[in-house]
Amino acid sequence: MEKRRMKKLNVTTSLLGFGCMRFPLDESGKINRPVSEAMLLDAYRSGVNYFDTAYSYHNSESESFIGDVLAQLPRESYYLATKFPSWMLKKTSDVREIFDIQLSRLKKDYVDFYLIHTLNQGFWEKTLSLGVIEECERLKKEGKIRYLGFSFHDSYEVFEKIIKAYPWDFCQIQLNYMDTEEQAGMKGYELAESLGIPVVVMEPVKGGSLARLPEDVSSVLSAVDPDASPSSWALRWVGSLPNVKVVLSGMSAPEQVRENCSIFERFEPLNDREHDAIQKASEIFRKRIRNGCTGCKYCMPCPAGVNIPENFKIWNEYGMFENIDHTRWSWNEALPADAKPDRCVECGQCEAACPQGLSIIEDLKTLQAEIEKAIR
Ligand code: SF4
Ligand code: SF4
């Protein structure tokens with residue numbers, strides 16, 4: 001199993017980390033414990049020593065489940081990561097109260113890697129004003145937290161502000177070969193590296209979108225290595241970055257544990273030819289984008305409530321990845337009905353504001369018809 005050293009912390013982690021948010025479920029919708037336990041132990045025996053959970057995963061069942069499984073193993077033989085639910089923060093004392101609940105669910109005396117979950121501009125302001133970092137520092141002094149970090153979902157500018165504001169032990173960002181300019185992106189990775197802060201990566205396969213490739217993309221990769229799976233390309237791309245110390249995979253089936261472990265057991269960074277192939281693949285993906293919305297939000301707010309950039313994001317991702325399950329979820333679950341295109345009253349305000357000169361009104365109509373047909 002490929003290992004990486006976090007020089008700043010004097011810690012060696014397995015490059016493959018087990019993300020504990022997508023375990024298989026039983027008929028009642030709870031974690032299928034026998035199968036999931038076997039998956040965790042299989043990964044551990046293969047050398048995985050980093051397990052990442054959170055207060056909220058699996059409707060708050062994940063922490064207690066992995067606490068039970070890891071209790072069978074020597075405590076010093078693995079690293080346990082969990083996260084403070086920043087959206088639950090109302091007052092400073094919440095930090096300790098929630099942390100105590102987490103320790104008791106995990107049945108442990110300490111957490112190795114503790115993250116403030118899903119920091120963005122709003123949660124960061126609350127984190128500062130309510131003294132969350134100071135409270136976590138007290139927990140560190142008491143030996144209950146070993147390393148303090150944060151996971152992140154917002155723009156690069158917000159990432160830069162957060163990472164420079166405190167000497168974090170580590171940080172966790174979304175990164176994959178198609179998200180190099182999304183959120184923290186490669187600029188964020190490079191900034192963390194320059195500050196000597198180890199990086200843990202989430203969504204290396206872009207929520208599964210890079211595991212099933214359209215034919216025109218997959219043919220570019222298979223011309224270089226016909227035996228390599230799409231996921232292995234994505235995982236190796238992220239793992240080839242030297243300051244990436246853990247690549248989290250939310251493994252959901254025993255075969256996936258096997259496949260991922262075998263990729264990281266014989267891990268090789270991508271060579272120049274392989275990097276070129278990934279570059280070509282991402283160019284093809286980008287050509288499949290439906291329109292050139294950059295997400296700048298100059299068109300917002302729409303007086304009729306349409307979430308214009310979010311609609312275009314769903315449409316463009318559908319065009320690139322043709323991931324029907326993800327598109328269905330984004331359209332049906334993540335985008336409220338009153339933010340959908342059919343609320344548009346064609347006032348034209350957005351088109352006048354759009355620096356890309358997009359035909360927003362027409363595009364909104366086209367996308368609604370196309371998405372609804374695709375997910376039917
Ligand atoms: S044209 Fe439609 S989408 Fe654009 S601002 Fe007006 S109502 Fe909103
Ligand atoms: S102004 Fe144009 S480019 Fe910017 S988010 Fe709106 S539609 Fe997209």
Side-chain angles (χ1 to χ4, degrees), residues 21-22 25 29 56 59 86-87 118 120-123 152-158 174 176 178-183 185 202-203 205-217 250 282-376:
M21 79 297 269
R22 290 191 193 121
L25 304 178
S56 53
N59 293 322
S86 46
W87 58 91
T118 197
N120 57 24
Q121 176 66 31
F123 292 149
F152 179 79
H153 292 288
D154 205 328
S155 65
Y156 169 79
E157 289 68 31
V158 176
Q174 172 171 329
N176 55 66
M178 287 307 298
D179 281 339
T180 52
E181 286 168 36
E182 289 285 313
Q183 301 191 13
M202 56 186 156
E203 301 293 2
V205 190
K206 199 168 171 57
S209 291
L210 302 179
R212 295 172 293 270
L213 304 179
E215 173 58 31
D216 51 352
V217 178
S282 55
E283 282 162 15
I284 296 170
F285 267 133
R286 288 187 211 291
K287 281 192 192 134
R288 298 166 66 94
I289 286 176
R290 293 292 193 265
N291 78 2
C293 175
T294 61
C296 69
K297 298 187 184 151
Y298 290 148
C299 53
M300 295 290 280
C302 156
V306 180
N307 189 335
I308 301 165
E310 198 52 35
N311 274 285
F312 288 156
K313 184 162 179 260
I314 295 169
W315 192 36
N316 285 327
E317 288 199 349
Y318 167 69
M320 280 194 284
F321 306 114
E322 296 177 3
N323 184 339
I324 300 290
D325 290 343
H326 180 68
T327 306
R328 185 178 290 114
W329 178 85
S330 303
W331 186 257
N332 290 339
E333 312 290 332
L335 186 70
D338 56 9
K340 288 192 164 66
D342 54 12
R343 295 296 167 120
C344 173
V345 295
E346 303 191 15
C347 69
Q349 178 180 309
C350 54
E351 293 193 356
C354 177
Q356 306 302 319
L358 299 179
S359 305
I360 296 177
I361 299 171
E362 210 41 49
D363 282 358
L364 286 172
K365 285 183 196 161
T366 309
L367 87 84
Q368 179 141 13
E370 189 177 342
I371 299 278
E372 288 183 345
K373 188 168 170 213
I375 63 175
R376 205 180 288 147

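Both backbone and side-chain heavy atoms feed into the values below; hydrogens, waters and symmetry mates do not. By convention here, the first residue in the shown sequence is residue 1. Quick caveat, the model's predicted, so the values are computed rather than measured.
When side chains are defined from C-beta on, K340 counts as touching W331, because their heavy atoms get closer than 4.5 Å. Using a 4.5 Å heavy-atom cutoff, the side chains of V205 and N176 are not in contact. At a threshold of 4.5 Å between non-hydrogen side-chain atoms, the residues W315 and T366 count as touching. Between F123 and D154, every side-chain heavy-atom pair lies at or beyond the 4.5 Å cut-off. V158 places a side-chain heavy atom less than 4.5 Å from the side chain of F152. Within the 4.5 Å cutoff, the side chain of T327 has no heavy atoms near those of the F321 side chain. Side-chain contact between H153 and M202 is present, with at least one heavy-atom pair separated by less than 4.5 Å.
Atoms CZ and CG, from R343 and L364 in turn, are 13.5 Å apart once rounded to the nearest 0.5 Å. Here the OG1 atom belonging to T118 is positioned 7.0 Å from the CH2 atom belonging to W87, to the nearest 0.5 angstrom. To the nearest 0.5 Å, atom SG of residue C350 and atom CD1 of residue I361 are 5.5 Å apart. Note that CD1 of I360 and CD of Q349 are 10.5 Å apart. Values are rounded to the nearest 0.5 Å. For the atom pair N120 CG and S86 OG, the distance stands at 7.0 Å (nearest 0.5 Å). Taken to the nearest 0.5 Å, the OG atom of S330 stands 7.5 Å off from the CD atom of E310.
With salt bridges taken as basic N to acidic carboxylate O contacts below 4.0 Å, none links K287 and D216.
Minimum heavy-atom separation, A374 to I324: O-CD1, 3.8 Å. Closest approach of G319 and E322 over heavy atoms only: O-CG, 4.2 Å. Closest approach of C299 and A353 over heavy atoms only: CA-CB, 4.3 Å. Listed here is the closest heavy atom pair of S282 and M178: CB-SD, 3.4 Å. Here the closest heavy-atom approach between residue A339 and residue N311 is recorded as O-ND2, 2.9 Å. The two residues D179 and Q174 have their closest heavy-atom pair at OD2-NE2, 2.7 Å.
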| said: For a side chain to side chain contact (heavy atoms under 4.5 Å, CB included) check, start with the C-alpha distance between W329 and N323, then their side-chain angles and the critical distance, and finish with the verdict. | reply: CA-CA 10 Å; W329 178 85; N323 184 339; over 6 Å; no
Would E351 and E362 count as a side chain to side chain contact (heavy atoms under 4.5 Å, CB included) if you check the C-alpha gap in whole Å, the side-chain angles of each, and the deciding distance to 0.1 Å? CA-CA 10 Å; E351 293 193 356; E362 210 41 49; 5.7 Å; no
Would you sort out whether D342 and Q368 count as a side chain to side chain contact (heavy atoms under 4.5 Å, CB included), showing the intermediate values? CA-CA 8 Å; D342 54 12; Q368 179 141 13; 3.3 Å; yes
Side chain to side chain contact (heavy atoms under 4.5 Å, CB included), that's the test. Do E370 and R290 meet it? Break it down for me. CA-CA 11 Å; E370 189 177 342; R290 293 292 193 265; 2.7 Å; yes
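Other residues, nucleotides and ligands place more than 12 heavy atoms under 6.0 Å from the CD atom of E333.
Put simply, the side chain of R328 gets close to the backbone of I375: a donor and an acceptor are under 3.5 Å apart. Judged by distance alone, with hydrogens and angles left aside, the side-chain atoms of N291 form no donor-acceptor pair with the main-chain N or O of N316 at under 3.5 Å.
Residue E317 is tested with R288, R286, K206 for a salt bridge (charged side-chain N to carboxylate O under 4.0 Å, His left out); the sole match is K206.
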